[in-house]
Amino acid sequence: MNYKEYKGLDYAQVGKDILQFWKDNQIFEKSVEVREGAPSFTFYEGPPSANGTPGIHHVMARTIKDIFCRYKTLRGYQVKRKGGWDTHGLPIELQVEKELGIKKDDIGIKISIEDYNKKCREAVMRFTDQWLTMTEKMGYWVDMDDPYVTYKNDYIESLWWLLKQLYDKNLLYKGYTIQPYSPAAGTGLSSHELNMPGTYKEVKDTTVVAQFKVKLTGKSGYLFDTADSDDIYILAWTTTPWTLPANSALTVGAAIDYVLIKTFNPYTHLPINVILAKDLVGKYFSEKGKDVDLSTYKEGDKVIPWKVLLEFKGEHLEDIQYEQLLPYIQPLQDEDKAFRVILGDFVTTEDGTGVVHTSPTFGADDFRVAKANGVPPIMVRDENGKDVPIVDKQGRFVKEMGEFGGRFVKEEYYSDQVRNEPDFKPTDVLIAIKLKEENKAFKVEKYEHPYPHCWRTDKPVLYYPLDSWFIATTKLKDRLVELNKTINWNPESTGTGRFGNWLENLVDWNLSRSRYWGTPLPIWRTESGEEICIGSVEELTSELKKAVESGALSDEQRAKNEAFLQSQGTEAFDLHRPYVDEIFLVSASGKVMYREPDLIDVWFDSGAMPYAQFHFPFENLDKYPKSMGGTADDDAKTSFPADFISEGVDQTRGWFFTLHAIAGLLFDSVSFKNVVSTGLVLDKNGNKMSKRLGNAVDPFSTIDTYGPDATRWYMITNAEPWDNLKFNIDGIAEVQRKFFGTLFNTYNFYALYANLDGYSIEQFDRLPKEKLTELDRWIISKVFSLVKEVGEHFDNYNPTKAGRAIQDFVCDHLSNWYVRLCRRRFWQGEMTDDKRAAYQTLQHCLAAVAQLMSPIAPFFGDWLYRNLTEHVREESIAKNTPFKHTSVHFTDWHTYEPSWVDADLEESMQLAQDICSLVHSLRKAHRIKVRQPLTKVLIPVLNEKIRQQIEHVAPIIMTEVNVKSVEFVSDDSGILKKKIKPNFKALGPKYGPKMKEVAGIINGLGAEGIAEIEKEGSLVVAGFTLLRDDVEIIAEDVPGWLVASQGSLTVALDVTITDELRREGIARDVVNRIQNLRKDSGLEVTDKIKVTLQNNNEELAAAIVTNRDYICQEVQAVSLDLTADLNGSATEIEMDEFLLKIKLEVAS
RNA sequence: GGGCUUGUAGCUCAGGUGGUUAGAGCGCUACACUGAUAAUGUAGAGGUCCGAGGUUCGAGUCCUCGCAGGCCCA
C-alpha cells in the first residue's frame, strides 16, 4: 500500500502524532537549518509574562506570528525566532503584594527588598510550564530553549548600555511630571491607589470665574475694535483658586464657538467686555438682561444688562496675550511665551466657561499642553538653585507669595484648632476676596464635586510636580513620525491613525517608576547634582573600585561596595535592587554619589529586546549591521531590524511604541518593517472574556477536543486578524467538518483508489498537457491561480483571505466539482492514460493544498504531505526532487506557472456550473429527478465565443444533469425572444439627468428596435442616439420550451420522456437500489455479484432487458436474471411505482 | 471628552474605483443526489444594508450629523 487509508480521522490525534514526529525529528530546528545561508526574515517575539495562565487569545496572537514565519520559511528565508519572557513590572509586584498580604509601604519594613524581589522572581515564571505546553500543542514554533529573560543580568546590562547612549545624547533627563501627591503623607500616589474605594469624596470648594485682562496686540486688535473699550477679559473657571497665582496660559478649543459680551462686573459694577464659550452664556447671564440698554444700568440693579458683540471660533483667540492675574512670581524663563491663549483638545463646554485656566505645575493636562506650546511654568528657585513650584511639599505657598506666603493651600491641611478660630478663612476664599476687590473675579461661588483624597490621611491630594526621569522623545518626534511612514502597518489605520496621530502629539517618555522589581536606573548622583550614568558592568566595576580607593566613603559604604564586588562571578551577582542601591560612587569633586532610587518603565525592557535579547553590544555583534556598530557582512542576514512583528492593538502605545522609539532615537532606524496588530478575542456574544465571568475559553481543552489545526483555521478564517473575533466553539466544529472533513475525504478517496490501482506519485513520467481532460486542465489552472492568490495574500499579511481562498478551492472546486465529476474515472477500467491523468491531477492538487495550508494548519498540512509523499521519499531523495523533504515545512513554495492558467477554461467551467444549476432547478420545478435521463438542453447563445466556451464543457454538463445532448440556438434561428436592458454604467456619464427618460425608452423597445441596434450598432429613438454598448441584450426565452435564466444565461430543457428514456430511468433506479444494497450488505468495492430480480412488472422487464449491460457494469454484476418468483433471501425494495424484490449473491 | 475601529439575513461573514433583483456559509423547511458522504444539490422562508440629512440621473458604497458596541488615551 502506497497510501495510508483511514476509517475516520481524529484531528486532535493528528495534532499529537505530528507533534511527536516534529519532536522526535527536531523538525522545527531543521526548518531553520535548511535555510542556512539564505537571507533572513527577522521576527521579534513580543515577550509574554508567565505570571498568568495563557488564554485562547494567546493562541490567536501566536497563530498570526507563526503563520508568517512558516510562510517565509517556505519562501526560502531563514526565520530564527527567539522566544522571550517579560519578567518585570507592576502587575507582578501587585500579585506578590496580594499573595503576601502586604502594601507597597511594607516593602523594606515587613519584608526586605531582597526577599520581596526573590518572591517576584519566582512568581513571574510560575506558569512557564503551561505556556510551554500551550505553545507546543498549538504548533507555535519559537525557540523556547534559549529565550531572552528580561531580569537576567546580561539583559539589564544591555539596557544600561542603551540608557547610557540616550544619556550621552542628552536624551535622558530629570524633570517633573504632575502626579497625585499627598502633602499630609509626603508621598505620591499611584493611579491604583486613587482607584481605591472611598478616595473620591464630595467636597464643597470655593470656585472662581476669574477675569484675565486681554492686552492690545495685533492678534487681539479686532476685539478692541468691536468692543470700543480697553476692558476686555477672558473668563476662566477654577475649582482650585490657589492655583491661580501659577497661571501662565489659558486654553481654548479651536472649534468651540466663543462670544464677546459687553456687560458689567457684578461686584465692582464697572463696565467690562468678557469672552466665554457661546454654549455657556446662559450659565452666567440671565435672559432678562439680554440686549437691555447698557446705559440704564445702576449699581445694585438685580438684572445686569448684556449684549453679544461678536461670535467667533476658538482658533481666533490663539496667541492673544493677557495680563498676569496675580503677579507675585514671574516665569524663570521664556517670559514672552507666558500669559497667552493656547489651543487644547481637552477643552469642553460642559461646565466652566469653555476656557481652561492653565497652571503647568498643578495639572496633568495643563502640564502637557503648556509643554507642547512652549509655555513656561511659574516656579521659584530654591536655596539649592533648584526650580520648585510655588507650593512646597507640605502644601504651603512659598515665601515669595507675598501675603499668602506660608499659607496652606487647602484648609484641611490646617489643624482643627486653627480652622476653628473665628477669623480663619481658607486660602481659596482669601484669593477670591482679593480678586473681587481688584475687578478680577466675575463670579465666586461654592461648588460641590468629587475630589480625590489620600487613603491614608483622608486629606485631599494635590496634583503636584514630582521628579522623574524622562527620555526626550519630543526632540526627535519629527524623525519618529517620518520613520513610521516607512512601516507597513496592518491594518493601515492603526499606523496612520492610532499610532501616527499619537506620535504627532508625543510627549516625553516618563521612565521613572518608584517600585522594587525591575531594571534599576543606572544613574548615581550627589546631593548637589553631579551625576554619572553607568553603561556596563565593567564601567560600574571600575567606578566602584575608584570609589573604594578614593577615601570619600564611609566604612559602611566601602564595605557594601566591596561586598558587591565580591559577588561578581558568583550566583549572587545581581543588578537588581537592593544590591545596586548599596553601591556608592564618588564624583569628580570627591563627593559621594547615591543611586537614583527609581526603576525604569518595564516597557523599556521589552522595547529594548532587539538589542538585549542578544546582549548587544557586548556579544553577538555579527548579528547586527555595521551601520549600528555590528559586524555583519551582509545586512540581509542580520537580526535588526525586524521584518515582522505582531501583537494586539492594545500594544500600540506599549511595545510597538517602545520598539520604535528606542530604534529611532538611538539608531535612526525603524525596528520593524511590517506589523500586524491584532484585535481582541471576545466570547460568542461579543463580550470580553474574563475568568471571573466564566466565559473564558480554555485553550487546552479546545485544542484537545478539536485539534490545533481546526482551532487555528477557524480563528484565522472567521475574521481578519485586526477585527475582534467573536469566538464560538461551534465555529471550530464547523470548520472541522466542512473544510478538514472534505479535505480528508478527498485524500481518503484518492488513497483508496490509488492503492487499488497500485498508483504511485509519478514525479518524472508525467502526461503532457494534451492528454489531460478539460476538467484536469481546469482544476490545475485553478490550483495555479490559487498558488498565486494565496501567495499574494500572505505577502500582504492577510492570512484570512489566504485561508478562505484555500477553503473555497478545496470545498467548492476540488471536492465538489472535480472529484465528484471524476469519480468514474477512478473506479472503472484498467490503468489508462485518462486514469493516470486523473491520479496525477488529484495528487498535484492535494500536494499543493498541503503546502499552501501548512502555515495556518501546520499539523494537518504536514500530515497530508507526508501521507501523499512518504512512499516516494527515498526515490525523491536519490533524485533530489521536491518530495525529498520529510516535512512540508522544509519545502520550497510551489512555483507559479502561468502557462497552466487558462482563464478561458475557468470561465467555461463557471458557465457549466451555472448551466447545471439552472437545469437542476428546471428539473426540480417539474418534478423530474436527475436519475431520469432527458434528451437535450437548448442554450441560446448570442455570440460565438460563449458558444465555444460551452461546447468545451458540454460533456460535463451532459453527465452532470443527465441529458443526452447540449444544443445551441443561435440568433439567426429566429426563434429567440430577446430582452433589452439599459447599461447604466455606460449611459450614466452620457445622459446624466436624462437617465430615467432614456432607461424608460430602452425598456420599451420592441423586437424591431432590438434587431436594429444589433444590426446597425446604433439606434436613434426620441432624439437619443443609442450605441450597442449602451444596452445589454440577452436571450430570455425560447417559445415553447421550459426555460430558466440567471444573469445573461438562459437554458431551455426538453422534458419529453419517451418510453426509451423512461426505461433508462428505471434502469438507473435499479442500479441505485442495488448499489445501496451492496453497501448495506457490507460488500467490498471490488466484490463481484450475481443479481436476481423478481419479474413482476412489464416496464421493469423491458428496462432490464434493454439496459442489462449498463446495469451489470455499474454494479459489478457478473449476471442479472429475472425470474417470475423470487423467494427466500430476497430483499423487498420500494421503487417509484412498484415494489421490487432483489437478491444479491457474491460471485466466487 | 479625544483618536482609531465596527455596525449588511436568526448566527458568522463577503460585498475594487457609486450602476438599478445586496450575496455566501451555518441554522430552519421541503425535495432530490450519492460505492469518498457526519458530505452534496435544488427550492423556500429570512434584509428599513444602525438612524437622519446631503451630493448624484443613481448610494450598502461618497460627505455631514447622530445612535450603539469595541480598543487606547484623557
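Every chain is numbered from 1 and lettered A, B, ... according to where its sequence line falls, protein lines coming before strand lines.
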Nearest-Å distance once atom P is located in both U12(B) and U21(B): 29 Å

Pairwise C1' distance for U17(B) and G44(B), with rounding to whole Å: 37 Å

Sugar-phosphate, base or nothing in reach of Thr746(A), heavy atoms under 4.0 Å: base

Carboxylate-amine/guanidinium contact Lys477(A) Glu504(A), below 4.0 Å: no

Integer-rounded Å distance: U40(B) C1' and Phe739(A) CZ: 17 Å

Separation of U34(B) C1' from Phe826(A) CZ (nearest whole Å): 17 Å

Phosphate-side-chain proximity, Tyr753(A) and A36(B), N/O vs OP1/OP2 below 4.0 Å: yes

Separation of G1(B) P from Leu280(A) CG (nearest whole Å): 14 Å

Complementary nucleotide for A52(B) - Watson-Crick or wobble, under 3.5 Å: U64(B)

Parallel, tilted or perpendicular: ring planes of His660(A) versus Phe499(A), cut at 30 and 60 degrees: perpendicular

Interatomic distance at C1', G47(B) relative to C13(B), whole Å: 15 Å

Out of C71(B), A14(B), A36(B), whichever nucleotide has its closest atom nearest the side chain of Glu720(A): A14(B)

Value in whole Å for how far the P atom of U34(B) lies from CD of Gln932(A): 13 Å

Minimum-distance nucleotide to Asp723(A) side chain [options: U6(B), G27(B), U12(B)]: U6(B)

Short side-chain N/O contact to G41(B) OP1/OP2 from Asn816(A), under 4.0 Å: yes

Note: Asp808(A)-Arg804(A) ion pair, threshold 4.0 Å (strictly below): no

Cationic N near anionic O, under 4.0 Å, Glu792(A) to Lys788(A): yes

Assigned partner base of G1(B), Watson-Crick or wobble definition, under 3.5 Å: C73(B)

Separation between the P atoms of G41(B) and U34(B), rounded to whole Å: 15 Å

Protein-nucleotide distance (Asp10(A), atom CG; A38(B), atom C1'), rounded to Å: 15 Å

Arg737(A), nearest nucleotide to its side chain (from C26(B), U12(B), C4(B)): C26(B)

Comparing Trp502(A) and Arg804(A) on RNA chain B - which has the more 5′ nearest nucleotide: Arg804(A)

Listed nucleotide nearest any side-chain atom of Asp365(A), set A74(B), C13(B), C71(B): A74(B)

Separation between the P atoms of C11(B) and C49(B), rounded to whole Å: 15 Å

Rounded interatomic separation in angstrom, taking CH2 from Trp489(A) and P from U5(B): 14 Å

Residue Lys738(A), side-chain heavy atoms: nucleotide from G25(B), U34(B), C4(B) that is nearest: G25(B)

Check against ring-ring contact (aromatic ring centres under 6.0 Å, His included), Tyr6(A) and Trp863(A): CA-CA 12 Å; Tyr6(A) 297 80; Trp863(A) 175 89; 5.1 Å; yes

Whole-Å distance separating the CG atom of Asp812(A) from the P atom of G23(B): 17 Å

Arg498(A) vs C71(B): side-chain N/O to OP1/OP2 distance below 4.0 Å: no

G19(B): pairing nucleotide in any strand, Watson-Crick or G-U under 3.5 angstrom: C57(B)

Residue closer to the 5' end of RNA chain B, Phe749(A) versus Leu680(A) (nearest nucleotide): Phe749(A)

Mate of U12(B) where both pairing distances stay under 3.5 Å, Watson-Crick or G-U: A24(B)

Minimum-distance pair of heavy atoms, taken over all atoms of Lys738(A) and Cys811(A): O-SG, 3.7 Å

Nearest-neighbour nucleotide for the Arg823(A) side chain, U34(B), C26(B), C71(B) considered: U34(B)

Distance between P atoms of U6(B) and A14(B) (Å, rounded): 10 Å

N or O in side chain of Ser917(A) less than 4.0 angstrom from U42(B) OP1/OP2: yes

Any donor-acceptor N/O pair under 3.5 Å between A36(B) base and Thr742(A) side chain: no

Between G19(B) and G3(B) - P atom distance, rounded Å: 30 Å

Pairing partner of A43(B) (Watson-Crick or G-U wobble, both distances under 3.5 Å): U29(B)

Asn718(A) side chain near C13(B) phosphate (N/O to OP1/OP2, under 4.0 Å): yes

Whole angstrom value for the distance that separates C1' of U42(B) from CZ of Arg820(A): 12 Å

Closest heavy-atom pair and its distance - Leu868(A), Tyr3(A): O-CE2, 3.3 Å

A59(B) to G18(B) separation - C1' atoms, rounded to the nearest Å: 6 Å

Geometric class of the Phe657(A)/Trp502(A) ring pair [parallel <30°, tilted 30-60°, perpendicular >60°]: perpendicular

Touch class at under 4.0 angstrom, heavy-atom based, for Asn748(A) against every strand present: nothing

